[in-house]
Protein chains: 2
Amino acid sequence: MPTAFLPIRPDMKATIAEILKRNQLSITESRTKILELFQDTGNALSHSMIEQETGKEFDRVTIYRTLQTFVEKGIIHTIPTADNSVLYALCKEACTQGHHHDNHVHFICDQCNTTYCLDNISTPDIKLPKGFIQTQTDLVVSGICKNCNS
Amino acid sequence: MPTAFLPIRPDMKATIAEILKRNQLSITESRTKILELFQDTGNALSHSMIEQETGKEFDRVTIYRTLQTFVEKGIIHTIPTADNSVLYALCKEACTQGHHHDNHVHFICDQCNTTYCLDNISTPDIKLPKGFIQTQTDLVVSGICKNCNS
DNA sequence: TAATGTTTTGCAACGATGTTGCAAATTCAA
DNA sequence: TTGAATTTGCAACATCGTTGCAAAACATTA
Ligand SMILES: [Mn+2]
Ligand SMILES: [Mn+2]
Ligand SMILES: [Zn+2]
Ligand SMILES: [Zn+2]
């Protein structure tokens, strides 16, 4: 329990609880654990990675529903991948209920398979042919990440 | 049958047969029909669209294997989508066995769901953080296409 | 803290998607 | 035309994702 002597690093549980409260979600074990996972790894996670990490703690269906809820609330966003698997990552910008603003580039390492949100690289403006109207841009770069690079 | 009097539009069947031959693939009914479909629609197709179009002519598995083969040979390429469904489209550039060069932007219409290859819009160069090496870039824009636009 | 209404979870069952092994059919080349 | 090689269809299976419903957990109020 945090006291007046250890206030420097805020209690993780509390922070997670705040995120859930702010989004009007009940604080449950599965939601807390899954949010924790995202915070701890920092990178993108797939449903199956989460399933592996949490073992038999929760049902598959609960994980699906938790991820759906988080996406709807703007807590996490999905990442399209070249091999068409579904990835999720924490939203760092001010995303809200049904209104995402994750217009950043994603990077997938071909070697270690880690997916990074390049939060400070925005997706470029594309000049489309006449008559086409753009509402969303997804840009995914793949290659070798800085950890795997020699 | 084309004669000397109708040489302007080359026989489609012949062209398709040539594509298959050039790639050392036997000319079979399913391959011919599926290639025809891509040529006729012009846009991207999913496995299920092809299954619907061809009805019960071929087995599901045959369609999967045909698409795989075409991708390997560089006849078609896959398109990553935001909702993580798999789309395929004809390669128009000089793609060869295991070596694709489809570095163009894709556009998906939110309304009619048509997916376009914007062949003359190249994917932009992205300046990555130190240590990251880029080998591939996928850029998908979604919005309203010129047909659905007013 | 205890009771109560609301939300979330686990389970079972299901549909869609994609893969593999193998025998039969088709294609190709001699 | 024949025989070898390739391709196909079928069956069986694995993975992924969804839904309905009863039980459990959670939030709220007293
Ligand atoms: Mn991201
Ligand atoms: Mn394309
Ligand atoms: Zn890596
Ligand atoms: Zn359209």
Side-chain angles (χ1 to χ4, degrees), chain A residues 13-14 16-37 44-73 75-88 97 113, chain B residues 13-14 16-37 44-73 75-76 78-88 97 113 115:
Chain A
K13 294 272 185 193
I16 286 173
E18 274 163 29
I19 294 174
L20 293 175
K21 262 183 197 155
R22 184 192 320 144
N23 289 280
Q24 296 145 50
L25 294 173
S26 352
I27 298 162
T28 68
E29 233 187 299
S30 47
R31 286 173 179 164
T32 304
K33 185 67 189 283
I34 290 173
L35 256 187
E36 240 168 30
L37 261 183
L45 297 172
S46 65
H47 172 93
S48 67
M49 290 174 192
I50 294 171
E51 206 174 337
Q52 277 193 290
E53 285 301 319
T54 57
K56 309 223 159 358
E57 247 177 302
F58 320 110
D59 194 84
R60 278 174 353 101
V61 180
T62 301
I63 299 175
Y64 280 116
R65 291 198 268 227
T66 303
L67 291 172
Q68 271 177 214
T69 305
F70 285 178
V71 170
E72 281 162 16
K73 291 293 188 178
I75 299 172
I76 61 178
H77 61 277
T78 59
I79 303 171
T81 69
D83 72 333
N84 291 96
S85 61
V86 190
L87 290 176
Y88 303 87
Q97 170 89 260
N113 228 41
Chain B
K13 293 273 183 192
I16 285 174
E18 273 164 28
I19 295 174
L20 293 174
K21 262 184 197 153
R22 185 193 319 145
N23 288 282
Q24 295 144 51
L25 294 174
S26 349
I27 298 163
T28 68
E29 234 188 298
S30 47
R31 287 173 180 165
T32 304
K33 184 65 188 285
I34 291 174
L35 255 188
E36 240 168 30
L37 261 184
L45 297 172
S46 66
H47 176 278
S48 67
M49 290 175 192
I50 294 171
E51 205 174 338
Q52 277 193 290
E53 285 300 320
T54 57
K56 309 224 159 358
E57 250 177 299
F58 319 111
D59 195 82
R60 276 171 359 98
V61 180
T62 301
I63 299 175
Y64 279 116
R65 291 199 267 228
T66 302
L67 291 172
Q68 270 178 214
T69 305
F70 285 178
V71 170
E72 281 163 16
K73 290 293 187 176
I75 300 173
I76 61 177
T78 59
I79 303 171
T81 69
D83 72 335
N84 290 96
S85 60
V86 190
L87 290 176
Y88 303 88
Q97 170 88 259
N113 228 41
T115 299

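Just so it is clear, the values below take in all heavy atoms, side chains as well, and ignore hydrogens, waters and symmetry mates. Since the model is a prediction, treat every value here as computed from it, not as a measurement. A note on names: the letters A, B, ... follow the listed sequences, proteins ahead of strands, and every chain is numbered from 1.
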Touch class at under 4.0 angstrom, heavy-atom based, for B/Glu57 against every strand present: sugar-phosphate
Rounding to a whole Å, what distance do you find between [X]:[atom1] and [N]:[atom2]?
| X | N | atom1 | atom2 | answer |
| --- | --- | --- | --- | --- |
| A/Met49 | D/dC16 | CE | P | 11 Å |
| A/Asp59 | D/dC21 | CG | C1' | 14 Å |
| B/Arg31 | C/dT27 | CZ | C1' | 10 Å |
| A/Glu72 | C/dT8 | CD | P | 11 Å |
| A/Phe70 | C/dT8 | CZ | C1' | 12 Å |
| A/Ile34 | C/dT9 | CD1 | C1' | 12 Å |
| B/Glu51 | C/dG15 | CD | P | 16 Å |
| A/Phe58 | D/dC26 | CZ | P | 11 Å |

Residue whose closest nucleotide on DNA chain C lies nearer the 5' end, A/Thr62 versus B/Glu29: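 Checking each residue's closest nucleotide, the 5'-ward one belongs to A/Thr62.
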Heavy-atom closest contact (B/Glu51 atom, B/Ile63 atom, distance):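 B/Glu51 and B/Ile63 have their closest heavy atoms at CA-CD1, 3.8 Å.
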Heavy-atom pair with the smallest gap, counting every atom of A/Ala82 and B/Thr78: O-OG1, 4.4 Å
Side chains of A/Ser26 and A/Thr28, donor plus acceptor under 3.5 Å: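 Looking only at side-chain atoms, A/Thr28 and A/Ser26 do not form any donor-acceptor pair under 3.5 Å.
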Within 6.0 Å of CD in A/Glu29, more than 12 heavy atoms from elsewhere: no
Heavy-atom check, side chain of B/Ile50 versus side chain of B/Glu53, under 4.5 Å: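 Heavy-atom side-chain distance check fails, nothing below 4.5 Å.
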Any side-chain heavy-atom pair of A/Ile27 and A/Lys21 under 4.5 Å: yes
Criterion side chain to side chain contact (heavy atoms under 4.5 Å, CB included) against A/Tyr88, the qualifying member of A/Val71, A/Ile75, A/Leu45, A/Ile79: A/Val71
Polar side-chain atom of A/Asp59 near backbone of A/Val61 as donor-acceptor pair, under 3.5 Å: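 Yes; judged by distance alone, with no hydrogens or angles, the pair exists.
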Distance below 4.0 Å between B/Ser30 side-chain N/O and D/dT7 OP1 or OP2: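 B/Ser30 to D/dT7 OP1/OP2: no side-chain N or O under 4.0 Å.
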Under-4.0 Å side-chain N/O to phosphate OP1/OP2 contact, B/Thr28 with D/dT8: yes
What does the list of N/O pairs under 3.5 Å between the protein and nucleotides 17-20 of chain D look like, with a distance for each?
{"from": "D/dG17", "atom 1": "OP2", "to": "A/Tyr64", "atom 2": "OH", "distance (Å)": "3.2"}
{"from": "D/dG17", "atom 1": "N7", "to": "A/Arg60", "atom 2": "NH1", "distance (Å)": "3.2"}
{"from": "D/dG17", "atom 1": "N7", "to": "A/Arg60", "atom 2": "NH2", "distance (Å)": "3.2"}
{"from": "D/dG17", "atom 1": "O6", "to": "A/Arg60", "atom 2": "NH2", "distance (Å)": "3.2"}
{"from": "D/dT18", "atom 1": "OP2", "to": "A/Gln68", "atom 2": "OE1", "distance (Å)": "3.3"}

ring-ring contact (aromatic ring centres under 6.0 Å, His included) partner of A/His47, the single match among A/Tyr64, A/Phe58, A/Phe70: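 Going through the options one by one, the only one that passes is A/Tyr64.
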DNA chain D contacts made by residues 20-27 of chain A, counting heavy atoms under 4.0 Å: A/Ser26, A/Ile27
